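Here the structure comes first, spelled out in structure tokens, and everything after it is commentary.
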Amino acid sequence: MPVMINDQTLQFHLQGKDVSYVFHVMKNGQLGQLYFGKKIRNRSDFSHLSKRESRVTSSYVYDDDSTFSLDLIKQEYPGYGTSDYREPAFQIEHPDGSRISDFTYQSYELIKGKPRLSGLPATYVEDDGEADTLVIHMYDKVTNLSLSLMYSVYHGRNVITRSALFTNHGEETHVIKRAHSASVDFPDADYEMIQLSGSWSRERHMSERKLSPGIQSIQSTRGTSSAQHNPFLALKRPMTTEHTGEVYGFSFVYSGNFQAQVEVDHYQTARMTMGINPFDFSWTLGSSASFQTPEVVMAYSKHGLNELSQTYHDLYQSRLARGKWRDAERPVLLNNWEATYFDFDEKKLLSIAEKAKETGVELFVLDDGWFGKRNDDRTSLGDWFVDSKKLPEGLPNLASKLNDMGLLFGLWFEPEMVSKESELYQKHPDWVIQVPGRSNSIGRHQLVLDFANPEVVDYIYEQMATILNEANINYVKWDMNRYMTEIGSLSLLKNQQAEVPHRYILGVYELYERLIEAFPHVLFESCASGGARFDPGMLYYAPQAWTSDDTDAMERLSIQYGTSLVYPLSSMGAHVSAVPNHQVKRITSLETRANVAYFGAFGYELDVTKMNKDELKEMTEQIRWYKENRQLLQYGAFYRLRSPFEQKGNVTSWMSVSSDQTKAIVGYYQVLAEPNPSFKRLYLKGLAAEKEYEVSGYEGTYLGDELMNAGIQLSSGYDGSQTGGLEESGDFSSHVFVLVETDQNNRGGEV
Ligand code: DGJ
């Protein structure tokens with residue numbers, strides 16, 4: 001029974017696979033939290049889990065009960081102003097200027113399955129038997145506002161999702177100043193907070209800090225979830241490792257400004273809150289209107305970070321991503337961006353495509369520069385019609401030529417942007433995000449279209465749909481290359497200006513929804529200057545995302561490793577690019593570049609016509625091998641073995657294991673060579689203890705339990721001799737090997 005309700009004590013016990021979440025209605029009618037953690041048995045009364053004591057300086061709700069101070073009580077969805085001084089989950093300004101709300105319990109509703117959130121991305125079920133949803137209805141009788149807290153618990157997973165819905169049943173307008181999606185009060189603060197932070201070109205690096213008194217917070221104010229901080233945090237016990245110990249994950253299914261924080265108070269309790277960033281946000285809630293918060297996906301693991309990641313991978317791959325491409329093997333692509341930048345014509349594209357096809361590439365992606373007069377990044381965004389100088393025969397024709405070669409065709413768009421130098425901006429300067437009387441700051445010479453205005457969304461839909469209708473396009477790369485500034489909309493009222501960032505994201509979701517509905521065969525890949533909007537919200541529409549503009553193999557180790565904390569391999573676009581690498585100028589071997597990019601949605605981003613015979617041969621072999629192992633490399637269970645964020649970051653290792661454990665692929669990477677190195681053993685994970693495996697490149701057979709406990713000694717290739725040149729250097733070296741159960745004949749072959 002995943003949801004157990006005691007109607008007498010009004011206690012609610014949600015049970016996932018190994019997790020329990022318990023809360024109750026308190027004597028003031030609000031919700032109190034009782035427990036979140038490893039699964040416990042049910043009982044009729046859990047209220048002793050919230051034992052109250054009074055403290056001399058506390059304010060309390062009832063004169064005759066000094067223990068009932070909200071500051072001392074674990075709560076479900078706390079407000080501010082009635083004896084709790086910590087940061088609240090929500091705050092509403094009422095017409096009389098007051099900011100106190102008192103939502104008290106009215107009723108509950110138990111729903112089989114999981115209702116969709118209107119206009120918002122969210123995890124889903126395919127069968128109502130997969131999850132149960134508990135909705136708690138609360139009401140504030142002074143203001144006539146209701147609050148519905150929604151909890152879904154997936155059977156067989158360690159996942160509980162949460163969101164909140166406010167509705168105005170009165171006549172007057174209220175203003176929501178803060179509406180988080182989840183708040184969890186932990187009874188102690190002995191945790192380390194893990195976050196995925198970085199910048200352009202070094203997105204989602206893992207960083208950890210011990211919780212300490214006060215607020216530790218990450219956020220975005222940029223209009224997208226951002227490269228600076230991913231909408232995710234984990235709380236782990238200090239002793240928790242990749243494979244042992246307790247950890248809680250909180251992942252926000254949203255692509256705009258967010259806040260995720262933990263407040264440690266003076267009694268060493270820890271309050272985690274996550275939701276839309278309350279900074280620069282407000283929402284006018286008129287009579288009969290509702291406001292739905294996006295979803296937070298809470299996950300729990302008692303076996304370390306890796307299990308937490310696999311919980312997210314499995315859920316996001318199968319119950320967040322949607323459509324035809326969700327479970328399908330993703331095509332090996334070649335993208336022309338780093339091959340040509342803006343400098344191409346049809347002849348050049350076709351010559352690249354032709355060579356690419358010979359190597360086994362399946363999808364040719366035409367990136368930026370095919371429209372308007374886009375010869376550099378100063379012009380033409382918004383003018384979504386083909387540049388007839390570069391492509392005189394048009395897109396439909398180019399698509400047929402590529403199709404005739406046996407290639408699929410993919411096209412780049414940046415739908416949310418407009419260049420000052422464009423026909424669209426000349427016609428519609430009113431369609432950009434702006435504040436009257438203030439000049440617009442510029443990013444990459446472009447302005448942000450006002451997606452809070454439905455007219456703009458309609459217009460861009462028509463432009464894109466025309467192109468997708470007239471040419472045979474199988475893939476769209478949806479880019480977004482600047483953050484927002486001077487945020488305002490000419491289409492909204494004065495008192496709605498702080499709604500713009502959220503309305504904008506709703507507009508983006510709406511456009512995506514309409515496009516995937518009209519063009520269900522198209523594979524969408526989201527992108528924002530690389531990985532500045534790599535979040536669960538986007539995955540609902542686009543099952544893969546461009547992980548980072550940084551394609552250097554060594555840099556990608558940290559980026560892909562960090563990304564894997566939450567996101568599945570099938571979602572991570574990973575390409576082999578030219579050397580010297582365009583971002584860091586580093587030279588790495590073609591082998592190492594592929595060995596890193598294999599673990600994801602694989603492709604190339606270089607000018608194949610400039611590769612020599614040997615390189616083309618190697619690339620052909622890489623693609624052949626990838627296709628043979630693609631199912632495992634995109635959908636296998638992923639295990640992190642060695643972290644680039646530890647041990648000076650010199651070694652990274654990971655592996656992907658098939659669901660029947662008959663096959664696995666391991667990647668091992670070393671940044672700098674070591675003189676006279678010690679003998680390296682690598683301890684594998686996820687294998688079947690009782691199975692026997694052959695390991696490519698190693699003689700004999702190995703037992704599953706042996707590989708996981710005694711490990712495998714890696715060949716270092718070092719013999720101390722002074723001969724050899726750059727190619728023999730151990731810098732930026734890598735090693736990928738395949739394990740196959742001995743009685744299987746589906747060997748992946750040597751790499
Ligand atoms: C940023 C993306 O991340 C790149 O891959 C490329 O598409 C450029 N934009 C094109 O302008």
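Remember, it's 1-based here, ligands and their atoms both numbered in the order they're listed. Note that the coordinates shown come from a computational prediction; the quantities given were computed from them, not determined experimentally.
- Listed by number with element, the atoms of ligand 1 under 4.0 Å from a non-hydrogen atom of Gly530 are 3 (O).
- The shortest N/O to N/O separation between Asp368 and ligand 1 falls below 3.5 Å.
- Thr592 places no side-chain N or O within 3.5 Å of a backbone atom of Ser589 that could act as its donor or acceptor partner.
- For the 3.5 Å distance criterion, the side chains of Arg204 and Thr563 qualify, holding a donor opposite an acceptor.
- With a 4.5 Å cut-off on side-chain heavy atoms, Leu468 and Val476 count as touching.
- Of the possible polar contacts, none joining the Glu621 side chain to the Glu618 backbone as a donor-acceptor pair under 3.5 Å is found.
- Summary of contacts: the protein heavy atom closest to atom 7 (O) of ligand 1 is Asp367 OD1, 2.7 Å.
- What sits closest to atom 4 (C) of ligand 1 on the protein, heavy atoms only, is Asp549 OD1, 3.4 Å.
- Considering backbone and side-chain atoms together, Cys527 places no N or O closer than 3.5 Å to any N or O of ligand 1.
- The protein heavy atom nearest to atom 5 (O) of ligand 1 is Lys477 NZ, 2.7 Å.
- Considering backbone and side-chain atoms alike, Glu605 places every N or O at 3.5 Å or more from each N or O of ligand 1.
- Annotation: cation-pi geometry not satisfied between Arg330 and Phe602 (NZ/CZ under 6.0 angstrom from ring centroid, within 45° of ring axis).
- When Lys585, Arg593, Arg586, Arg202 are each tested for a salt bridge (Lys or Arg N to Asp or Glu O under 4.0 Å) with Glu555, only one passes: Arg586.
- Of all the heavy atoms of Ala528, none lies under 4.0 Å from any atom of ligand 1, so neither backbone nor side chain is involved.
- The protein heavy atom nearest to atom 9 (N) of ligand 1 is Asp479 OD2, 2.7 Å.
- In terms of modelled atom types and a separation under 3.5 Å, the side chain of Lys355 and the main chain of Leu616 share no donor-acceptor contact.
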